[in-house]
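Order of the sequence lines sets the chain letters (A, B, ...), proteins ahead of strands, with each chain counted from 1. Source: prediction; values computed, not measured.
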Amino acid sequence: MPKAVSEHKKNSKGEKEPVKGKVEMKKGLLLDASYFDDEEKGKSIIKLFIKIGKKGGKKNAPRRWFFDSEFRPHFFVLSGKANAEKTIKELEGLELGDEEKFRIFRAEKTSLRAWGRNETNAVKVSFDKVSHLVQARKLLKDLGFEIFEYDVPFGKRYLLDKRLNPCGFVDIEFEPASNEIKKITPSNEIVEPMRDIEAIAFDLETYCGKKFAIGAEPIIMASMADMREELGRVISYKTKKVKGLELVESEEKVINEIEKGLNEADLIVTYNGDNFDFHYVKERAKKLGAEFKINGVEPRIIRKGLDNAAKLSGVQHIDSYQIMRFLQRTGAIHIVKLDIENVSEKVFGEKKEKVYPLELNEAWENGKGLERMVDYNLKDSIVAMKIAKEYLPLFMEISKLTSQTLFDTTRSATSSMVEDLLMKEAHHKGFVAPNKPNEFEVRERIENPIKGAFVKEPLVGLHENIAVLDFASLYPSIIVSHNISPETLNCEHEECKKNVSPDGTWFCKKEKGLFPEVLGGLVTERIKLKREYGRKKAGGEEAKVLFSSQWALKIVLNSAYGYLAYPRARWYSRECASAITAWARNYIHETIRKAGEADFEVLYTDTDSTFLLMKRKTKRDVEEFVEKINKELPGNMELEVDGYYRRGIFVTRRKKEGGVAKKRYALMDEKGNLKIVGFEYVRRDWCNIAKETQRTVIDMVLHEGDSSKAADYVRKVIKDLKSGKVPKKELAIITMLKRKVDSYDAKEPHVSAAKKAIAQGTEIEVGTILSYVITKNGKSISDRAELEEFVEEGNYDADYYIQNQVLPAVIKIMEELGYSKEDLIHGGKQTGLNTWG
DNA sequence: TAATTCGCTAGACCGA
DNA sequence: TCGGTCTAGCGAA
């Protein structure tokens, strides 16, 4: 590999000799961190991929690998009761390894403390090679040493320890001859993607033949789009010459062109490139005896949990589909199916036509409709690029917080974001991180769930003038205000016992814990950012960065409680998580009590929000009440007015023992906007016609208080259904297939529909979003379920849709207005009932 | 395997 | 034909 490194001279201890040549200083954009094994020296060496240039440089700014051969892979050993020096002696005396013998490179005393122990001076044990570390961790464990942080990948270790921010600027001092890093520090300058980063998106179209395997059929078209979205290219071969299409000789040449284009980029963007495009082009290149290398190396398809990920060397692969999945998980977007057409429409408001594989085949073979295909192929790249551009600032901020590469942050779970941040800050606080739990511990944790939030049963019916109050970031603010952290739990100081949770655990008041320290910093920073954002004009580049920064903080803050209660977390703490929810329940109960004292009627509460009936009270009264509560709250806890609503409805439960349904209600604000919560309308597993009917009924009832109009509307929908003319699109029920079809115990409609489709040759795997219709053909509901695509228009069971979809969706609302099911089906009279008198 | 618990509801199945 | 129990999915916070 990099021959530059071998120019170093070593002294007898294998350490590098003082630099004689001059040291250069440069600013650059850090893209990737990794390592390689230098066999000659028997060392694992850190390498960083950096784009040189003060402001990231122009298009062809030089990008280079830099090396840090001083930084050693390491973990920590607890010295136990014996002192650190003795442990060090023992460790240094060890001869390790099976075939190839090796010794520890260095063992040194630190001032770090192991988690949950009083013993300080954990010993840092370094190795020449990562492979030595891997062997040693087992051997040392067997010898009875307690070891920590032994499973942190080397590149990640480097970023965390040096507190670098990938996809951010760094200042480097290095030897120009060897690119050896003498010093590297993060730089605060803001990265502006359009100016500082070169990104290119690409997308492949492949021939749809008999074989389905990756790489089995040829690539027939490929597109690329840059960040400005204007320089789009579409390349094909052996087909008609049309506008916007570049023709080359062969498939191999198409691959060459993509390779050439992509090698200009710092970031390569795809839509589902993790599972498809990179793997495909790699396989095709292999078949054709061609090369496909990015930055000199073939893409690697690695496993990330249950998913694949296409990893490049140095250059960062951003899969926009992974970005969308992350946004979906964190609740930032709500899109039924994350295909590129849906995303284009829902995120950017741009309709994108779907083209089917067979159309593509035909267009390519005989030129029919080829222009459409060219446009379709290019749009795929453009949309992928748009997503990346839109959300890159968010992930760059997350990278800054967690010191992880963009490749990792765009594919991370929120738990790993929290954990990476804690790993980074733990050493600062003088702690070695705790280890991940073993499977036994994980199971034990799962079997002991933590009691969660309190939800009050609401007052049923229609209500007017509602004030909604909210605790701002309830769980994080409890953590900070009560200093909740695994290491502050049940401390020895007598006076700290006053900081006792309703759960009986108490938390130290003398020393700030890791969680409150880190989260407190984030809360303060977020308030500052939000204030600054408010002052900036919307739409500008700066505003976008500010918004993304506070958003990144919000994501991490909101995940902190979940992390403490997450069975696989290093810093899992049942006591902490339990204390947080106990305090939260207490605060909401206190709010209810005090609201009663202040003569408000409490309509409903859930976790952190309180609904008050204002009756004759004014907004001023509500605000005074909030102020009073805030005076009594500790630390940075704060109750806020979320909003005022003119009308609202709560309904009884449909099943079981009755009672009023929690987590379902509809509100109308002062401007007449509806807020529908928990009802079928917001659920994807109900058909459109039921959802739309429900929304219309809620709208009519809350706006006009006119129940007879609503009843008429329902009757009309029933009539339409009976006529058999409702399009199947309105009848489709959408559900995700969460496991393999054979592994279900219960026979359910979506599983049954999936099985039938599979029998007809459709490819359906775990995670597929199924859209099915209940047809006329069969006995049970499951028997009658068929995937939408196989159902002919008009073939639907009207009775099912009336009885099991539309009526259930509206009946509980209509009942509040005095209607029965029969009234709606048979047109019972009930006229002119005006709810609002 | 990939943050948590609380809560609602459907549909299959079983026994009376 | 009913009510209870079970599995399953999804939303609220």
Handout entry: Backbone N/O of Asp274(A) and side chain of Tyr321(A): donor-acceptor pair under 3.5 Å
Key = no
Exercise for the section: Could you label the plane-to-plane angle of the Phe611(A) and Phe650(A) rings as parallel, tilted or perpendicular, counting under 30° as parallel and over 60° as perpendicular? Expected result: perpendicular
Exercise for the section: Tell me what Ile450(A) touches on the nucleic acid: a base, only sugar-phosphate, or nothing, going by heavy atoms under 4.0 Å. Expected result: sugar-phosphate
Handout entry: Any Tyr744(A) side-chain N or O less than 4.0 Å from OP1/OP2 of dG9(C)
Key = yes
Fill in the blank from the handout: Taken to the nearest whole Å, NZ/Lys663(A) to P/dC6(B) is 9 Å
Problem - Nearest-Å distance for atom pair CZ/C1', residues Arg664(A) and dA13(C) - result: 16 Å
Completion exercise
In whole angstroms, the gap separating P of dT1(B) from CG of Asn308(A) amounts to 16 Å
Exercise for the section: Using a 4.0 Å heavy-atom cut-off across all strands, classify Arg303(A) as base, sugar-phosphate, or nothing. Expected result: nothing
Handout entry: N/O (side chain, Arg654(A)) to phosphate O (OP1/OP2, dA10(B)) under 4.0 Å
Key = yes
Practice task
By nearest nucleotide on DNA chain B, pick out whichever of Lys747(A) and Ser559(A) is the more 5' one.
Solution key: Ser559(A)
Problem - Selected nucleotide, minimal atom distance to Asp685(A) side chain, candidates dC10(C), dT7(C), dA13(C) - result: dC10(C)
Problem - Between P of dG7(B) and CZ of Arg585(A), the distance in whole Å - result: 11 Å
Problem - Separation of atom OH in Tyr572(A) from atom P in dT4(B), rounded to whole Å - result: 10 Å
Problem - Polar pair under 3.5 Å, donor/acceptor by atom type, side chain Arg653(A), base dC8(B) - result: no
Handout entry: Listed nucleotide nearest any side-chain atom of Asp745(A), set dT9(B), dA13(C), dA8(C)
Key = dA8(C)
Problem - Stacked cation flag Arg574(A) on Tyr572(A), 6.0 angstrom / 45 deg - result: no
Handout entry: Euclidean distance, atom CZ of residue Phe650(A) to atom P of dG7(B) [Å, nearest integer]
Key = 15 Å
Exercise for the section: Pick base, sugar-phosphate or nothing for Phe471(A), based on heavy-atom distances below 4.0 Å to the nucleic acid. Expected result: nothing
Handout entry: Phe515(A) and Trp571(A) aromatic ring geometry - parallel, tilted or perpendicular at 30°/60° bounds
Key = perpendicular
Handout entry: Nearest-angstrom distance from the residue atom CG of Asp151(A) to C1' of dT1(B)
Key = 15 Å
Fill in the blank from the handout: Ranking dA12(C), dC10(C), dA3(B) by distance to the side chain of Ser415(A), first place goes to dA3(B)
Handout entry: Inter-nucleotide P distance (dA8(C), dT1(B)), Å rounded
Key = 16 Å
Problem - Short side-chain N/O contact from Thr581(A) to OP1 or OP2 of dT5(B), under 4.0 Å - result: no
Problem - Phosphate OP1/OP2 of dA13(C) contacted by Tyr475(A) side-chain N/O (<4.0 Å) - result: no
Practice task
Kindly point out which of dG11(B), dA13(C), dG7(B) is positioned nearest to the side chain of Asp606(A)?
Solution key: dA13(C)
Handout entry: Any Arg684(A) side-chain nitrogen or oxygen under 4.0 Å from OP1 or OP2 of dC10(C)
Key = yes
Practice task
Quick one: label Ser782(A) by what it contacts on the DNA or RNA (base, sugar-phosphate, nothing), any heavy atom closer than 4.0 Å.
Solution key: sugar-phosphate
Problem - Which residue lies more 5' along DNA chain B, comparing Lys304(A) with Asn804(A) via nearest heavy atoms - result: Lys304(A)
Handout entry: Passing candidate, side chain to side chain contact (heavy atoms under 4.5 Å, CB included) with Tyr587(A), options Leu639(A), Ile478(A), Ile629(A), Ile592(A)
Key = Ile478(A)
Handout entry: Separation between CG of Asp669(A) and CG of Leu702(A), rounded to the nearest 0.5 Å
Key = 11.0 Å
Exercise for the section: Provide, to the nearest angstrom, the distance between the CZ atom belonging to Phe454(A) and the P atom belonging to dA13(C). Expected result: 15 Å
Fill in the blank from the handout: Quick note, Ala661(A) side chain, CB onward, closest among dG11(B), dC10(C), dC8(B) is dC8(B)
Exercise for the section: Under 4.0 Å between any heavy atoms, over every strand shown, what does Tyr665(A) touch: base, sugar-phosphate, or nothing? Just pick one. Expected result: sugar-phosphate
Exercise for the section: Output yes when at least one side-chain N/O atom of Ser780(A) is less than 4.0 Å from OP1 or OP2 of dA12(B), else no. Expected result: yes
Exercise for the section: Verify the ring-centre separation between Phe326(A) and Tyr391(A): is it less than 6.0 angstrom? Expected result: no
Exercise for the section: Name the closest nucleotide to the His750(A) side chain, picking from dG11(B), dG9(C), dC6(B). Expected result: dG9(C)
Exercise for the section: Would you indicate which nucleotide in dT4(B), dT9(B), dG7(B) comes nearest to any side-chain atom of Lys662(A)? Expected result: dG7(B)
Exercise for the section: Mind checking Gly562(A) for me? I need base, sugar-phosphate or nothing, with any heavy atom below 4.0 Å counting as a touch. Expected result: base
Exercise for the section: Give a yes/no answer on whether the side chain of Arg739(A) brings an N or O atom under 4.0 Å of OP1 or OP2 in dA8(C). Expected result: yes
